[in-house]
There are 2 protein chains.
Amino acid sequence: MSKQGLELLGQETADACCEGLASAPLDDERAAALAKVFKALGDPVRLRLLSMIASRDGGEVCVCEMTPAFDLSQPTISHHLKLLRQAGLIDCERRGTWVYYWVLPGVLDHLAGFLTTPQAAGATE
Amino acid sequence: MSKQGLELLGQETADACCEGLASAPLDDERAAALAKVFKALGDPVRLRLLSMIASRDGGEVCVCEMTPAFDLSQPTISHHLKLLRQAGLIDCERRGTWVYYWVLPGVLDHLAGFLTTPQAAGATE
DNA sequence: AGGTTGCATCAACAAACATCAATACAAGCC
DNA sequence: GGCTTGTATTGATGTTTGTTGATGCAACCT
């Protein structure tokens, strides 16, 4: 189930959906929504967790594999994963004993599109 | 001084310089450097300030124009601008009485490239 | 059933952050 | 020189965040 979402939501990639940061001044509402996501990215542990999940072949990583990769307690890792989930960046599912996390498709590319400036969006290099 | 946060992002062009979030697990150092930048973006006021500057024709905005655009005190706006500057996102110059801010070129597109997943990067155009 | 393991939640604390009033600094004007 | 305006810095305060030990819950295994 988790692997198929990416192709099905393929039309949601970076461009065309909504205005970028540099195309017009942000209004309060959009700024607040976007700030939530960037705030979730604004911690080195969460960035590493997200990267660990996003770079994984198969797209899924077990918590049992992430927790020992940090010099932090298990509740702390669980807390950071929760924040990433609440930001809409990842989701998880329990399968038997273990819990697996994956990156929600399209969200990262969406953010990238938001940051891309009009000039760079048109230029290939 | 203030560009430290983005040193690890490099000055090279957006696409070929460094690995993206989804290409390999981030190491501590890069995660810490990137987290600083994302943390700077993780506040609605700073996002609006940055957008206000980035979307401006001519690329420069006077502080005297930004301060009244928010329901916040002048020191607070100045503080947020300082954080954006320390994150390596913007720079400023005093010209006579007024101070002008602009977005440092390439940084936003660099961040966008970092967030772009390999699949989407190939499918962009 | 009882015991063990994996993960989430709770309660509590220190550190970091957003905000403002007061103040300091810089540049123009009288 | 003194006065005014624009911006940055300081000091203080209430809030948020990162972290942990303790606890709770779910799924396995005898």
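Everything numeric in this text was worked out from a predicted model, so none of it was measured.
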- Under 4.0 Å between any heavy atoms, over every strand shown, what does A:Leu83 touch: base, sugar-phosphate, or nothing? Just pick one. sugar-phosphate
- Item | Reported CG-to-CG distance for the pair A:Leu49 and A:Asp43, which is rounded to 0.5 angstrom | 8.5 Å
- Message: Tell me which residues in residues 66-73 of chain A lie within less than 4.0 Å of DNA chain D, going by non-hydrogen atoms.
- Response: A:Leu72, A:Ser73
- Task: Just call it for B:Arg46: base, sugar-phosphate, or nothing, with non-hydrogen atoms closer than 4.0 Å on any strand.
- Result: sugar-phosphate
- Message: What contact category does A:His80 fall into here, base, sugar-phosphate, or nothing, at under 4.0 angstrom with non-hydrogen atoms?
- Response: sugar-phosphate
- Query: Earliest and latest nucleotide of DNA chain D, 5' to 3', sitting under 4.0 Å from a non-hydrogen atom of chain B?
  - Reply: D:dG6 to D:dT9
- Which part of the nucleic acid, if any, lies within reach of B:Thr97 when heavy atoms closer than 4.0 Å are counted: base, sugar-phosphate only, or nothing? sugar-phosphate
- Message: For the backbone of B:Gly20 and the side chain of B:Ser23, can you confirm whether one donor and one acceptor N or O come within less than 3.5 Å of each other?
- Response: yes
- In this structure, NZ of A:Lys82 is separated from SG of A:Cys92 (nearest 0.5 Å) by 11.0 Å
- Task: Would you mind classifying the nucleic acid contact of A:Tyr100 as base, sugar-phosphate or nothing, using non-hydrogen atoms under 4.0 angstrom?
- Result: nothing
- Task: Extract, from 5' to 3' on DNA chain C, the first and final nucleotides lying under 4.0 angstrom from some heavy atom of chain B.
- Result: C:dC17 to C:dG28
- Note on the structure: Residues at least two apart in sequence or cross-chain that pass side chain to side chain donor-acceptor pair (under 3.5 Å) with A:His80, listed by chain then number, are A:Arg46
- 5'-most by nearest nucleotide on DNA chain D - B:Val63 or B:Lys39: B:Val63
- Sequence neighbours excluded, which residues qualify as side chain to side chain donor-acceptor pair (under 3.5 Å) partners of B:Ser78? none
- Task: Supply the atom-to-atom distance A:Leu34 CG to A:Phe114 CZ, rounded to the nearest 0.5 angstrom.
- Result: 4.5 Å
- By a strict heavy-atom criterion of less than 4.0 Å, which residues belonging to residues 48-57 of chain B are in contact with DNA chain D? none
- Which atom names give the shortest non-hydrogen contact between A:Leu21 and B:Leu47, and what distance separates them? CD1-O, 3.9 Å
- Distance-only donor-acceptor check, side chains A:Thr117 and B:Asp109, under 3.5 Å: yes
- Shortest non-hydrogen contact from B:Phe38 toward B:Leu111: CZ-CD2, 3.9 Å
- Task: Under 4.0 Å between any heavy atoms, over every strand shown, what does B:Thr76 touch: base, sugar-phosphate, or nothing? Just pick one.
- Result: base
- Query: With a cut-off of under 6.0 Å to the ring centre and 45° to the axis, is B:Arg48 in cation-pi contact with B:Phe70?
  - Reply: yes
